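Values reported hereafter were calculated over all heavy atoms of this structure, with side chains retained and with hydrogens, waters and symmetry mates removed. Given the structure is predicted, the values throughout are model-derived calculations rather than measurements.
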Amino acid sequence: KKNRGCESIRKHRKRVVYGMKDITKIQLLAIDLDGTTLRNDASLSPNVKKALEYAIQQNIFVVPCTGRALGSLSPDVTAIWGITYAVTSNGAAIENLSLGQRIYCNLLDKETSLSIMDTVSSQDVMVEVFIQGKAYTEQRFLDHLTHYGTSEHYIPYVLSTRNPVNDIRSLIEQSPQNIENINLKTADSALRERLWNQLALMQTVSITSSSSMNIEVSAVNTGKAQAIAYLCETLGITMNEVMAIGDSLNDVTLLQQAGCSVAMENGVDEVKQAADFITLSNEADGVAYAIEHFLANRKMK
């Protein structure tokens, strides 16, 4: 697998070195977490941690950019000194981790959220709802995670980050806050496709995915790219000064708009097509390799 990744790197290297914008101008590193920065068991490797710390030392904003809710962020990543901001729930929110403040949000209203629930109510699909940085689901789903497509090595993460409730619909109806994301999980690919097509007809939502087992529904015009663009404007930098790394469909638009875009070797084809460069897999410290490749010889400002 590592050899295939190296072949991908060699294949793309000339195009990157001669066809890309000036990498010495990179001011923000947007990193997806699952399948990218984190290994398959959701851990952070020492090499990747060291590489992220190096980027921070180069006065680069390192920003986790993830489908996870705030309360589900990897503590190994957020504990790194110098990581101040995080884009969460697929761009539905931006958090200032240092101040404990939300600086941006784009949320699903209750009417739209309940319409989504109506669409999936009679289907054999696991429903998760993200509200104010917390992930909620029903206990009946948590009792049968593998049935809905959760892999064995991912079960501990899900159990440790999901808050069980009796009824998701009632939670939405009674919540004083609007909804960040509604995530739908199923191992039935035909069902997933049918639901995707139904939800795509709604004018008030954005839909994406971080795996072949799920559909992630947010408010219209919500995404990692929009959130990073907002953060860039806040920080006084441009999208051309962003380096983005990802592996899944929910990373594609961000990679397309970033000045420097990197796909993981384990990423889906759409991500690789959107990227300037293909690095090694998440199991082979691909984020560290990409940082070393682009930033090791970076000239200090």
*Report the C-alpha separation of Leu97 and Leu70 in whole Å, then their side-chain angles, then the decisive distance to 0.1 Å, and conclude whether the side chain to side chain contact (heavy atoms under 4.5 Å, CB included) test is met.*
CA-CA 9 Å; Leu97 301 175; Leu70 173 63; 3.8 Å; yes

*Say whether, by atom type as modelled, one donor and one acceptor occur between the side chain of Ser206 and the main chain of Ala219 under 3.5 angstrom.*
yes

*Relative to Tyr157, does Arg68 satisfy both conditions: NZ or CZ under 6.0 angstrom from the six-membered ring centre, and within 45 degrees of the ring's axis?*
yes

*Provide the closest heavy-atom pair for Gln132 versus Glu180 in the form atom of the first, atom of the second, distance.*
N-OE2, 3.1 Å

*Is the Phe277 ring parallel, tilted or perpendicular to the Phe294 ring (thresholds 30°, 60°)?*
perpendicular

*Counting heavy atoms not belonging to Asn166, are there more than 12 under 6.0 Å from its CG?*
no

*For the residue pair Ala69 and Ser89, what are the closest heavy atoms and their distance?*
CA-OG, 3.7 Å

*State whether the number of non-hydrogen atoms from other residues, nucleotides or ligands found under 6.0 Å of Gln139 atom CD is greater than 12.*
yes

*asked:* With a 3.5 Å distance limit and no angle check, can you tell me whether Glu128 reaches the backbone of Ala135 through a side-chain donor-acceptor pair?
replied: no

_Tell me if a side-chain donor or acceptor on Thr150 pairs with a main-chain N or O of Thr146 at a distance below 3.5 Å._
no

*Report yes or no: does Asn183 contribute a side-chain atom to a donor-acceptor pair with the main-chain N or O of Asn214 at less than 3.5 Å?*
no

*How close do Val77 and Pro64 get, heavy atom to heavy atom, and via which atoms?*
CG1-CG, 3.8 Å

*So do Thr37 and Leu52 actually touch side chain to side chain, heavy atoms under 4.5 Å?*
yes

*Would you check, one step at a time, whether the test side chain to side chain donor-acceptor pair (under 3.5 Å) holds for Asp34 with Tyr154?*
CA-CA 10 Å; Asp34 297 287; Tyr154 214 65; 2.9 Å; yes

*Under the side chain to side chain contact (heavy atoms under 4.5 Å, CB included) criterion, do Val242 and Met239 qualify, and how do the steps go?*
CA-CA 5 Å; Val242 173; Met239 288 296 286; 4.2 Å; yes

*asked:* Quick one, Val48 with Asn282, criterion side chain to side chain contact (heavy atoms under 4.5 Å, CB included). Give me CA distance, side-chain angles, the key distance, then yes/no.
replied: CA-CA 9 Å; Val48 172; Asn282 63 318; over 6 Å; no

*Does NZ in Lys110 sit with more than 12 non-hydrogen atoms of other residues, nucleotides or ligands closer than 6.0 Å?*
yes

*With a 4.5 Å limit on heavy-atom distance, are the side chains of Asp247 and Val268 in contact?*
no

_Do Ile172 and Leu107 sit in one hydrophobic cluster, given that two such residues count as connected whenever their side-chain heavy atoms are within less than 4.5 Å of each other, even indirectly?_
no

*Measure the spacing between CD of Glu292 and CG of Asn47 and express it to the nearest 0.5 Å.*
9.5 Å

*To the nearest 0.5 Å, what is the distance between CE (Met213) and NZ (Lys185)?*
11.0 Å

_SG-CD1 distance between Cys65 and Ile31, expressed to the nearest 0.5 angstrom_ = 9.0 Å

_Shortest non-hydrogen contact between Ser45 and Asp285, atoms and distance_ = OG-OD1, 2.8 Å

*Mind checking whether Ile116 and Ile131 sit in one hydrophobic cluster, side chains of I, L, V, M, F, W, Y counted as touching below 4.5 Å?*
yes

*So how far is it from Glu216 CD to Ile182 CD1, rounded to the nearest 0.5 Å?*
12.0 Å

*Just wondering, do Val125 and Ile215 contact through their side chains at under 4.5 Å, heavy atoms?*
no

_Measuring only between side-chain heavy atoms, which start at C-beta, is Ile207 closer than 4.5 Å to Val217?_
yes

*Report yes if the side chains of Glu152 and Leu145 come closer than 4.5 Å at any heavy-atom pair, otherwise no.*
no

_Geometric class of the Tyr148/Phe141 ring pair [parallel <30°, tilted 30-60°, perpendicular >60°]_ = perpendicular

_For Asp276, is there any backbone N or O sitting under 3.5 Å from a side-chain donor or acceptor partner on Ser261?_
yes

*asked:* Hydrophobic clustering (ILVMFWY, side-chain heavy atoms < 4.5 Å, transitive) - are Leu254 and Val252 grouped together?
replied: no

*Would you say the side-chain atoms of Glu138 pair up with the backbone N or O of Ile168, donor to acceptor, closer than 3.5 Å?*
yes

_Set out, in order, the CA-CA distance, both residues' side-chain angles and the distance that settles side chain to side chain contact (heavy atoms under 4.5 Å, CB included) for Tyr85 and Asn96, then state yes or no._
CA-CA 5 Å; Tyr85 302 99; Asn96 185 317; 3.7 Å; yes

*asked:* How close do Gly246 and Val271 get, counting heavy atoms only, and between which atoms?
replied: O-CG1, 3.5 Å

*Is the closest side-chain heavy-atom distance between Tyr104 and Leu231 below 4.5 Å?*
no

*Report yes if the side chains of His147 and Asp124 come closer than 4.5 Å at any heavy-atom pair, otherwise no.*
yes

*Atom CD of Gln27 and atom CD1 of Ile60: how far apart are they, to the nearest 0.5 Å?*
7.0 Å

*Is Ile245 reachable from Ile80 through a run of hydrophobic residues whose side-chain heavy atoms are each under 4.5 Å from the next?*
yes

_Is there a path of hydrophobic side-chain contacts, each under 4.5 Å between heavy atoms of I/L/V/M/F/W/Y residues, joining Ile103 to Ile237?_
yes

*Judged by atom type as modelled, is there a donor-acceptor pair below 3.5 Å linking the side chain of Ser281 to the main-chain atoms of Glu283?*
yes

*Kindly say whether Leu171 contributes a backbone atom to a donor-acceptor pair with the side chain of Ser175 at under 3.5 angstrom?*
no

*Given Asn90, Thr88, Thr253, Asp251, the one that forms side chain to side chain donor-acceptor pair (under 3.5 Å) with Lys224*: Asp251

*In this structure, which one of Glu193, Gln198, Arg192, Arg194 forms a side-chain contact (heavy atoms from CB on, under 4.5 Å) with Trp196?*
Arg192

*Inter-residue atom distance Cys105.SG - Glu95.CD, 0.5 Å rounding*: 9.0 Å

*Measure across Val220 and Asn106 and return the closest heavy-atom pair with its distance rounded to 0.1 Å.*
O-ND2, 3.1 Å

*Salt bridge present between Lys49 and Asp76 (N-O < 4.0 angstrom)*: no

*When you look at CD of Gln256, are more than 12 heavy atoms from neighbouring residues, nucleotides or ligands closer to it than 6.0 Å?*
yes

*Does some side-chain heavy atom of Leu28 sit less than 4.5 Å from a side-chain heavy atom of Glu241?*
no

*Side chain Glu233, main chain Tyr230, donor-acceptor under 3.5 Å*: no

*Please assess Asn181 against Ser218 for the test side chain to side chain donor-acceptor pair (under 3.5 Å), listing each intermediate value before the final yes or no.*
CA-CA 5 Å; Asn181 266 9; Ser218 308; 2.4 Å; yes

*Would you say Thr119's side chain and Ser115's backbone share a donor-acceptor pair under 3.5 angstrom?*
yes

